[in-house]
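Order of the sequence lines fixes the chain letters, A, B, ..., with proteins taken first and strands second; residue numbering starts at 1 for each chain. It should be emphasised that the depicted structure is a prediction, and the values quoted were computed from it without experimental measurement.
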Number of protein chains: 2
Amino acid sequence: MTKDSLLPLLTAHVLAHGLGGASLRPLAKAAGTSDRMLIYHFGTKEALIVDLLGYIAKVYAAALDAAMGSERAATRADVVARILAHGDAPAMQPFMRLWWEIVAGAARDLPGYQIAAQTMMAELLGWLEGQMPAGDPDPQGGARYLMTVIEGTAMLTAVGHGDTAQQGLLAGGLLPS
Amino acid sequence: MTKDSLLPLLTAHVLAHGLGGASLRPLAKAAGTSDRMLIYHFGTKEALIVDLLGYIAKVYAAALDAAMGSERAATRADVVARILAHGDAPAMQPFMRLWWEIVAGAARDLPGYQIAAQTMMAELLGWLEGQMPAGDPDPQGGARYLMTVIEGTAMLTAVGHGDTAQQGLLAGGLLPS
DNA sequence: AAGTTCACGTAGCAGTCGCTACATATCAGG
DNA sequence: CCTGATATGTAGCGACTGCTACGTGAACTT
């Protein structure tokens, strides 16, 4: 029972039940240990959360790499459509729910949240740059532009305004019609 | 001591200390009452939160109306610049921090969160529609497009990727250069 | 004047929180 | 064989959680 064998189990519990309300005893049960042992390994609940966020960021990076198709999209709209489909996949939804908790924690400057969120966004940006269509006039700037649009769409979707975002993407020429 | 006189004080406390970790006794102290009385008035903590979210949505609507300048912007980029400046104002930052908690709650389907978030986004959309430049070819779609971009920028700013979003807006022609 | 409802204080319930003290059990190195 | 570090279980601490039981003045109704 090392830290590294604990982190995947803790991640699974947090994906299912959330990060903000997580407490040591349920976390320990999910990981097959006791709260006593979690403190033994991580020292503090806060340190556990920080370690866990770092691990989740690495898992997210690996998931993005795995989802990276080798063929490039033909247009920016195709890039947007591809990544939105990826985010809408049922397998991604527990992660999406967790993501907004991470954003909320980052906005409140809780330890570890900012770094984890920045790591994941930097990873997404790199992925997007690699996905930009060949011959795009401004791949760097375009990737940043698409990331902004994509995250706005994700947020509006989370609060039930997904259709509004879709209409916006259409009006902006960012969805294949 | 009625509900309506309590809600502004509760809102102030929640803006300062967050919504997720709020518990009855600190809330009561901030409102000058006891936890006993909060339960007396609202019945349940959950009902209190739902009422509070509804009230906060109304406060947000009023704040938007008050911030609505009478003169229209000349370009879409000016609309974006104006509302981003509004969101970056120091007075708005406690609300922004709260906003991400609301989004996280909506993503987890906590009672009241979705409705409050939808109300606020609908209000913002209406405001944007009224702000679109005269002669804009597609005010409805354009407003939805700008809202998506603006919310994406807000999220990236919250996690410390504000500069990335700025570069994206520039590349998308959505910031006055 | 009697009865009813409202508004509020005090005290406390059962449960959970993060964390600790203490006792072991296991196992490698001298 | 002894010793020290690593690992784990049991019990519990004090603080806090949402919430309730109970009592009491004040106001309003009939």
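Nearer to the 5' terminus of DNA chain C, by closest-nucleotide assignment, is the contact made by Ser34(B) (compared with the other of Ala22(A) and Ser34(B)). Nucleotides of DNA chain D nearest to Thr33(A) and Tyr40(A) differ in position, and the one nearer the 5' end is that of Tyr40(A).
Among pairs with a residue in residues 23-49 of chain A, none fulfils ring pair (Phe, Tyr, Trp, His ring centres under 6.0 Å), at least two apart in sequence or across chains. Applying the side-chain hydrogen bond (donor to acceptor under 3.5 Å, both in side chains) rule to pairs touching residues 79-99 of chain B yields Arg82(B)-Gln131(B), sequence neighbours excluded.
Between Phe42(A) atom CZ and dC19(C) atom C1' the separation is 16 Å, expressed in whole Å. Whole-Å rounding puts the Met37(B) CE to dC22(D) C1' distance at 13 Å. Rounded to whole angstrom, the span from the CG atom of Leu27(A) across to the P atom of dC17(C) amounts to 10 Å. For the pair Arg25(A) CZ and dC19(C) C1', the interatomic distance rounds to 9 Å; values are reported in whole Å. Going from atom CG of Leu38(A) over to atom P of dT20(C) covers 14 Å, rounded to whole Å. In this structure, NZ of Lys45(A) is placed 14 Å from P of dT20(C), rounded to the nearest angstrom. The NE2-P distance, from His41(A) to dC19(C), rounds to 16 Å in whole Å. Atoms CZ (Arg36(A)) and P (dA23(C)) sit 13 Å apart, rounded to a whole Å.
Neither OP1 nor OP2 of dT16(C) sits under 4.0 Å from any side-chain N or O of Ser23(A).
Expressed to the nearest 0.5 Å, how far OH of Tyr145(A) lies from CE of Met132(A) amounts to 10.0 Å. For the atom pair Thr75(A) OG1 and Asp78(A) CG, the distance stands at 3.5 Å (nearest 0.5 Å).
Candidate nucleotides dC6(C), dC19(C), dC19(D) were compared by shortest atom distance to the side chain of Asp35(A), and dC19(C) ranks first. For Pro26(B), the side-chain atoms get nearest to dT17(D) when compared with the rest of dT8(D), dC6(C), dT17(D). Residue Leu24(B) places its side chain closer to dG18(D) than to any other of dG12(D), dG18(D), dT20(C).
The neighbour count for Ile115(B) CD1, taken as heavy atoms of other residues, nucleotides or ligands under 6.0 Å away, does not exceed 12.
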